[in-house]
Amino acid sequence: MNLLLALLCCNTCGLLKDKLNENSPSPRIIIVGAGAAGIAAASRLLENGFTDITILEAENRIGGRVWSIKIGDYLADMGGQWVHGEKNNVAFELAWPLGLIERFDENHNFSVRFFGSSGSALSLKTSLNLVELHNSMTNDLADVENLPESFGQFADMKMDKFFKAHKEISPDLYDSLRYMTNLGQMASDGADNWYEVSAKGLRDYAICDGDNSINWKNRTYSTILDILMKKYPNPDEELPVLENVYKDSRVIKINYNKGYNTVKISTADGEEYLGDHVIFTPSLGVLKANYQRLFSPPLPEKKVEAIKNLGFGHEAKILLYYENPWWYTDENKYNSKGIYWTKADREEIENDPERMWMLGLFALYPVEHKPKMLCFWVSSDFSIEMELVPEEIFRQQILQVINKFFSNHYNITEPTKIIRTSWNTNENFLGTYSYRGIESDLADVDYTDLAEPIMRNNKPIIQFAGEATSEHYSTVHGAIDSGWREADRLINLYPRKNDLLKLLTRLTEKKNK
Ligand SMILES: Cc1cc2nc3c(=O)[nH]c(=O)nc-3n(C[C@H](O)[C@H](O)[C@H](O)COP(=O)(O)OP(=O)(O)OC[C@H]3O[C@@H](n4cnc5c(N)ncnc54)[C@H](O)[C@@H]3O)c2cc1C
Ligand SMILES: *[C@@H]1O[C@H](CO)[C@@H](O)[C@H](O)[C@H]1NC(C)=O
Ligand SMILES: *[C@@H]1O[C@H](CO)[C@@H](O)[C@H](O)[C@H]1NC(C)=O
Ligand SMILES: *[C@@H]1O[C@H](CO)[C@@H](O)[C@H](O)[C@H]1NC(C)=O
């Protein structure tokens with residue numbers, strides 16, 4: 001925008017202005033989805049002089065799986081919360097120099113203790129040993145020559161060894177702790193259980209080195225959207241992204257019939273949009289459920305294989321706000337609390353459809369810089385069940401479950417606010433984040449197959465972005481990378497315009513000096 005304004009004001013560059021118009025068609029670009037990937041793509045294109053950009057978003061807000069809400073005195077993340085790593089992590093690179101984020105390790109002493117449904121608890125030492133085992137598992141994958149198919153098979157071997165070495169743990173608890181560790185692993189992988197996750201996939205995952213639990217202090221991850229749009233730190237430099245977003249615009253058909261170079265998009269509210277290029281960013285969950293209806297003609301076979309066989313997981317958060325926090329008697333009020341069900345309790349709950357979801361509860365942890373808040377994490381497809389429980393019953397259940405696990409150890413108080421997520425049942429997400437499963441390996445597909453654009457006359461006509469198309473799949477930084485990648489694909493396709501605009505900028509800058 002600044003460039004074009006500059007262009008209009010620049011009387012010495014009339015010649016260039018004409019040349020620009022003559023040589024550079026302004027392609028109509030439609031971006032489906034205003035999540036991190038969509039916002040990143042739009043910002044990058046606008047920054048590079050593309051002007052005809054339409055962003056269609058099904059929700060009535062931007063951000064997608066980056067979403068913060070107000071709870072009590074705080075803003076809190078319903079979705080993406082931590083910056084996972086530093087090296088090759090665009091989110092870190094954008095936010096760290098601005099002083100907005102904080103490394104966990106430098107500012108907190110990590111501690112965790114595991115509490116059982118019987119009211120007893122593991123010692124702090126055993127709890128920490130178990131976490132250490134869990135944390136080392138993925139690293140250890142690199143040293144194994146013949147990896148089993150699933151991560152679960154590998155983890156079982158590791159846990160058997162651990163139990164042999166830790167005689168203080170009662171054999172009655174082996175299954176409970178195995179199950180709990182599985183849920184913990186699923187919190188990061190997003191699969192329903194660790195036998196579905198590819199061991200090779202975890203070994204090969206592009207982890208960013210550095211601290212992997214970097215928090216946004218009293219802010220939330222949605223600040224990244226403002227940074228991408230250049231609204232932060234200097235609002236005067238804001239790119240015109242928001243004014244090109246059409247909210248409540250759910251795309252239901254993407255027509256890219258042969259013979260046309262134009263894509264026709266229809267939305268649920270009956271509007272139609274024409275584009276030269278479409279960047280599609282909705283989740284893999286949305287693709288799995290809708291790809292057959294959405295695209296005409298049908299998507300290429302390899303793309304369909306990728307959509308069907310890459311994994312998309314289920315998770316939920318329950319945010320709890322306390323006027324009177326009950327856990328401050330801990331040595332460190334930022335200690336995490338893991339939970340495990342005894343065999344008897346598990347069997348009882350398994351047979352109660354309304355409470356069954358509780359078996360997905362994995363950890364109750366404090367949120368950095370928000371000392372009156374706890375977050376209860378629900379792993380795996382149990383989180384779908386949780387979303388279906390009516391509000392009043394759910395509230396009672398939360399109080400009961402916290403009492404069951406913690407009332408032997410703390411004087412429990414009641415939360416004044418309870419907010420749960422609904423990513424899995426919301427038709428615009430249908431899950432949380434993607435993973436490479438054993439099915440993906442069997443079908444020989446990975447994120448690159450999902451990223452492959454559909455070409456027409458040597459030009460990308462439908463492009464795919466979003467976390468699941470990135471080597472950093474399942475993260476916000478992966479989503480941003482993917483949005484930039486697809487923006488760059490178009491920037492490279494129209495180099496002439498780009499070069500001229502750069503030249504123009506340089507001239508304008510000179511003139512202004
Ligand atoms: C509970 C949870 C915790 C997480 N924790 C972390 C974390 O700590 N760190 C981290 O890095 N990542 C985390 N993630 C993952 C991260 O949030 C996502 O990977 C990332 O935000 C995905 O961005 P995206 O742009 O690819 O997709 P999305 O954010 O899903 O954006 C796609 C957009 O498309 C819209 N849409 C869907 N269907 C249509 C349609 N038919 N028409 C128009 N628009 C449509 C959606 O409404 C959405 O706004 C977490 C995710 C969840 C759910
Ligand atoms: C971490 O532990 C050290 C040593 O016990 C202590 O000095 C320090 O204050 C603790 N830091 C925090 C943030 O609790
Ligand atoms: C965060 O804290 C800083 C000072 O520590 C304060 O200036 C700022 O207003 C706070 N921001 C929010 C969103 O609460
Ligand atoms: C709970 O409160 C009682 C009464 O005030 C107190 O005696 C007890 O120590 C408290 N228990 C814990 C675990 O803090």
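Atom set for the values below is all heavy atoms of this structure, side chains included, hydrogens, waters and symmetry mates excluded. Residue numbers run from 1 in the order of the sequence given. Note that ligands are numbered from 1 as they come in the structure, with each ligand's atoms numbered from 1 the same way. The shown structure was predicted, so the numbers you read here are calculated from the model rather than taken from an experiment.
Of all the heavy atoms of M78, the ones lying under 4.0 Å from any atom of ligand 1 belong exclusively to the backbone. Counting heavy atoms closer than 4.0 Å to ligand 1, residue V32 contributes side-chain atoms (C-beta onward) but none from N, CA, C or O. Neither the backbone nor the side chain of A468 comes within 4.0 Å of ligand 1, counting heavy atoms alone.
Here's the thing with W423: none of its N/O atoms is less than 3.5 angstrom from an N/O atom of ligand 1. The N/O atoms of H477, backbone and side chain alike, include none that comes under 3.5 Å of an N/O atom in ligand 1. Checked against a 3.5 angstrom limit, the closest N/O atoms of S283 and ligand 1 fall outside it. The N/O atoms of E315, backbone and side chain alike, include none that comes under 3.5 Å of an N/O atom in ligand 1. Remark: ligand 1 and R250 share no N or O pair separated by less than 3.5 Å (distance only, no angle test). Ligand 1 has a nitrogen or oxygen under 3.5 angstrom from a nitrogen or oxygen of W82. Residue E59 has no nitrogen or oxygen atom sitting less than 3.5 Å from a nitrogen or oxygen atom of ligand 1, judged on distance alone. Checked by distance only, ligand 1 and P282 stay at 3.5 Å or farther apart across all their nitrogen or oxygen atoms. By the 3.5 Å distance cut-off applied to N or O atoms, A479 is not counted among the residues near ligand 1. Polar contact check, V286 against ligand 1: no nitrogen or oxygen pair lies under 3.5 Å apart.
Between the side chains of S123 and T126, a donor-acceptor pair is found at a separation under 3.5 Å. A donor-acceptor contact closer than 3.5 angstrom is absent between the side chains of N89 and H84. Q397 and W357 share a side-chain donor-acceptor pair at under 3.5 Å. In the model, R250 has a side-chain atom that pairs as donor or acceptor with a side-chain atom of N428 under 3.5 Å. Between the side chains of N107 and E368, no donor-acceptor pair of N or O atoms lies under 3.5 Å. Side-chain polar atoms of E315 and W377 form a donor-acceptor pair below 3.5 angstrom.
Among all non-hydrogen protein atoms, the one lying nearest atom 16 (C) of ligand 1 is V476 CG2, 3.7 Å. The protein heavy atom nearest to atom 15 (C) of ligand 1 is S474 O, 3.4 Å. Counting only heavy atoms of the protein, atom 29 (O) of ligand 1 lies nearest to R65 N, 2.7 Å. Among all non-hydrogen protein atoms, the one lying nearest atom 34 (O) of ligand 1 is G33 CA, 3.2 Å. Considering only non-hydrogen protein atoms, atom 5 (N) of ligand 1 sits nearest to G80 CA, 3.3 Å. Closest to atom 31 (O) of ligand 1, if we only count protein heavy atoms, is G35 CA, 3.4 Å. In terms of protein heavy-atom proximity, atom 25 (O) of ligand 1 is closest to A37 N, 2.9 Å. Atom 40 (C) of ligand 1 has as its closest protein heavy atom V251 N, 3.7 Å.
Remark: E47 does not engage R44 in a salt bridge, criterion side-chain N to carboxylate O under 4.0 Å. At a threshold of 4.0 Å, the pair R219-E102 does not count as salt-bridged, since none of the basic side-chain nitrogens sits closer than that to a carboxylate oxygen. At a threshold of 4.0 Å, the pair R436-D446 does not count as salt-bridged, since none of the basic side-chain nitrogens sits closer than that to a carboxylate oxygen.
In this structure, of F429, Y473, Y433, F280, the residue bringing a heavy atom nearest to atom 52 (C) of ligand 1 is Y433.
Contact analysis leaves R61 out of contact with ligand 1, as no non-hydrogen atom separation drops below 4.0 angstrom. Ligand 1 lies less than 4.0 angstrom from a heavy atom belonging to S249. Close to ligand 1: L56, with a non-hydrogen atom less than 4.0 angstrom away.
Below 4.0 Å from some heavy atom of N411 lie the following atoms of ligand 4, by number and element: 1 (C), 2 (O), 3 (C), 8 (C), 10 (C), 11 (N), 12 (C), 14 (O). For ligand 4, the atoms sitting less than 4.0 Å from at least one non-hydrogen atom of H409 are 13 (C), numbered in the order shown with element in parentheses.
Distance screen at 4.0 Å: atom 7 (O) of ligand 3 has no protein heavy-atom neighbour inside the cut-off. Protein heavy atoms are found inside the 4.0 Å sphere centred on atom 2 (O) of ligand 4. For atom 10 (C) of ligand 4, a protein heavy-atom neighbour is present inside the 4.0 Å cut-off. For atom 14 (O) of ligand 4, a protein heavy-atom neighbour is present inside the 4.0 Å cut-off.
The structure places CG of N60 at 9.0 Å from CD of E57, a figure rounded to the nearest 0.5 Å.
Aromatic ring centroids of Y74 and Y321 lie under 6.0 Å apart. Aromatic pair F406/W326: centroids less than 6.0 angstrom apart. Separation of the W327 and F115 ring centroids does not fall under the 6.0 Å cut-off.
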